[in-house]
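Along the sequence shown, the residues carry numbers beginning at 1. Atoms within each ligand, like the ligands themselves, are counted from 1 in listed order.
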Amino acid sequence: MIYSEVASKYAALEAISGRNEMTVILAELLKATPTSELASLVYMTQGKLRPDYEGVELGLAEKMALRAISSASGLSGDKVRAAYIKHGDLGTTAEDLLRNRSQGTLFSEGLTLGRVYETLLRVARLGGAGSVEAKLRELASLLNDATPLEAKYIMRTVTGELRLGVADYTVLDAAATAFLGGKEARAEVERAYNVHPDLGFVVESAAARGAKGVKAIALQVGVPIRPMLAERLSSAAEVVKKMGDKAVTAEYKLDGERLQIHRDGDDVKLFSRRLEVITSHYPDAADLVRERVSAKRAILEAEVVAINEDTGEYLPFQELMHRRRKHGVEKAMADYPVALNFFDILLSGRSDLTGLPYVDRRKRLEQAVEQTDRTRLVPAKTTSDPAEIEGFMEEAIENGCEGLVVKDPSSTYRAGAREFVWIKLKREYRSELTDTIDLVVIGGFHGRGRRAGTYGTYLLAAYDGEKSAFTSVAKVGTGFSDEALARFPVLLKPFESHVKPPGVESGMVPDVWFRPHAVIEVIAAELTLSPIHTAAMGRIRPGAGISLRFPKFTGKVRDDKRAEDATTVEEIVAMYNRQTKKIG
Ligand code: ATP
């Protein structure tokens, strides 16, 4: 496959925003690609090189990207930087500057998809001493052989800024159109993706073996499944009603980190909520699985929580975050001991259990886990009485939990779905106005006085899934401890950008932009309409977006969420509507 063909399809995709049109273009591209290259094409279209759970990170720093353009164009660093400030995007900068480059032999060699992919993969994997220069060499050589249009997309890909706006679901639509046909096939492709979230693999299976190939995709130890998520309501009575006025199972909602545990004999892998491998943060938890789980081959879900070893009490999430470190894990394990609180089992031996009702999965879980101080089943109570649920909720909160997750006992495990068969009841939801929300840091404003030399406030965005954009929703300055104030600039440094990052929509211009990565939890007094912020612009009233009144950082950095997992504009609109209903 010739890369120029891919680049011209990218240009076509970029020019449109309708999902149907996108599907047509993408389906053409998939059909034109040899099966052996389909997986790499699909990853690249998503601005990635491998499925997320393999942790291959793109995201070359701005500085390095500018050096590569300078080297390939033969222009000075200053000239390249000036062009970058003008264009506001590394891709367009490369395209513009390489168009005028002076070399005699333009595009000495046509680029293939394979070469671009392999080179970018090498760049992403290079690390350690001398890797900076090696990365630059690889990249400059690619740019040397690239047409201006190709260079544009190569730069955007390598910096993690491709954002063609092609959602995972659009790729699935395109694969169904290109290789299968029919609405039924589409549902099957989506099912396959939810249990094996590797788009490249799913598309390649569809191309190589058709509907049969897709149907054969099943839960596999070692490949994380997309987690089932919970909806939210504000009272036990509403929950019971929503589930059909029958007995429901209320469980503690522990304030820890969700772990998806994959075990094959002594081999134990722990995946986070966003499906990254985090086994190295919790070697002790992996040992607990080896020692206390009787199923030798299994996929389980648990909430790992920091505990007070002397009393067995649960400790808040912040304590657990001390475990998210690369060095000194041994000491952190001793200082911040944890307990595993199991709440689901998805596979045992050779049997896929996701099709069983929850009540049966819970029984299987009881058989699979030995209950000790460190390994427990999440406390649960089955009842149809809202008052009893309220009482259980108070007990949970007293025990250091956030509230409850209420589950429909007859529900199967629905990978990737957020439905009203799991419903969260949190204490905050009961305040008159609003829930906690998770927002993406997109900018910083310099501080004054005690905050001189650091940031005083941060600009936050919600994720708009329809537009694949991050839209501004609030400026937050309260709730930061001195430690957080010192830590944030360090945390955000790698994402600094001299221009408004692509995919960010904001009328407010901060002193420093950040590429959308860091997610923090905030609480606010209420949601209000705003002429300045762009979240849900025009959705409630023309010319107005939604913003937060009196936002406050709760102290929680949501390391376990990707920017795209932040609270969505849809959710904010729903919260706004719920709030106005209550006030009305
Ligand atoms: P939140 O911000 O409320 O944690 P979320 O978007 O991360 O929400 P949700 O699916 O909305 O995730 O809420 C479920 C989360 O609650 C799970 O991801 C898990 O980490 C946690 N949790 C705690 N206890 C339970 C439990 N008993 N059953 C399921 N999930 C639980």
(request) Using distance alone, with no hydrogens and no angle criterion, decide if Thr534 and Ser506 have a side-chain donor and acceptor under 3.5 Å apart. (result) no
(request) Could you tell me whether Arg558 approaches ligand 1 through its side chain, its backbone, both or neither, with non-hydrogen atoms closer than 4.0 Å? (result) side chain
(message) If we count only N and O atoms by modelled type, under 3.5 Å, do the side chains of Tyr413 and Glu301 hold a donor and an acceptor together?
(response) yes
(request) Considering only NZ, NE, NH1 and NH2 on the basic side and carboxylate oxygens on the acidic side, decide whether Arg562 and Asp52 come within less than 4.0 Å. (result) yes
(message) With a heavy-atom distance limit of 4.0 Å, tell me whether Trp422 approaches ligand 1 through its side chain, its backbone, both, or neither.
(response) side chain
(message) Contact between ligand 1 and Glu257 is defined here as a heavy atom of the residue under 4.0 Å from a ligand atom; is it met?
(response) no
(message) Using a 4.0 Å cut-off to any heavy atom of Val378, which atoms of ligand 1 qualify?
(response) 27 (N)
(request) Could you establish whether Glu521 and ligand 1 come within less than 4.0 Å of each other, counting only heavy atoms on the residue side? (result) no
(request) Would you mind telling me if ligand 1 is within reach of the side chain of Leu229, the backbone, both or neither, using heavy atoms under 4.0 Å? (result) both
(message) If we only consider heavy atoms of Glu402, is any one of them less than 4.0 Å away from an atom in ligand 1?
(response) no
(message) Could you tell me, atom by atom, which parts of ligand 1 come under 4.0 Å of a heavy atom of Glu251?
(response) 26 (C), 27 (N), 28 (N)
(message) Does the residue Glu231 have a heavy-atom contact with ligand 1, meaning some pair of atoms that are separated by less than 4.0 Å?
(response) no
(request) Ignoring hydrogens, just give me the one of Glu303, Arg258, Arg232 whose non-hydrogen atom is nearest atom 21 (C) of ligand 1. (result) Glu303
(request) Could you check Lys556 against Glu402 for salt bridge (charged side-chain N to carboxylate O under 4.0 Å, His left out), going step by step and ending with a plain yes or no? (result) CA-CA 13 Å; Lys556 252 192 208 181; Glu402 288 184 302; 3.3 Å; yes
(request) Assess Asp438 for proximity to ligand 1: is some non-hydrogen atom of it under 4.0 Å away? (result) yes
(request) Assess Arg418 for proximity to ligand 1: is some non-hydrogen atom of it under 4.0 Å away? (result) yes
(message) Looking only at the side chains, is there a donor atom on one of Tyr252 and Glu303 sitting less than 3.5 Å from an acceptor on the other?
(response) no
(request) Mind jotting down which residue pairs meet the side-chain hydrogen bond (donor to acceptor under 3.5 Å, both in side chains) criterion with at least one end in residues 337-357? Sequence neighbours excluded, please. (result) Tyr314-Asn341, Asp344-Arg361, Asp352-Thr354
(request) Would you please classify the geometry between the Tyr193 ring and the Tyr169 ring as parallel, tilted or perpendicular, with 30° and 60° separating the classes? (result) perpendicular
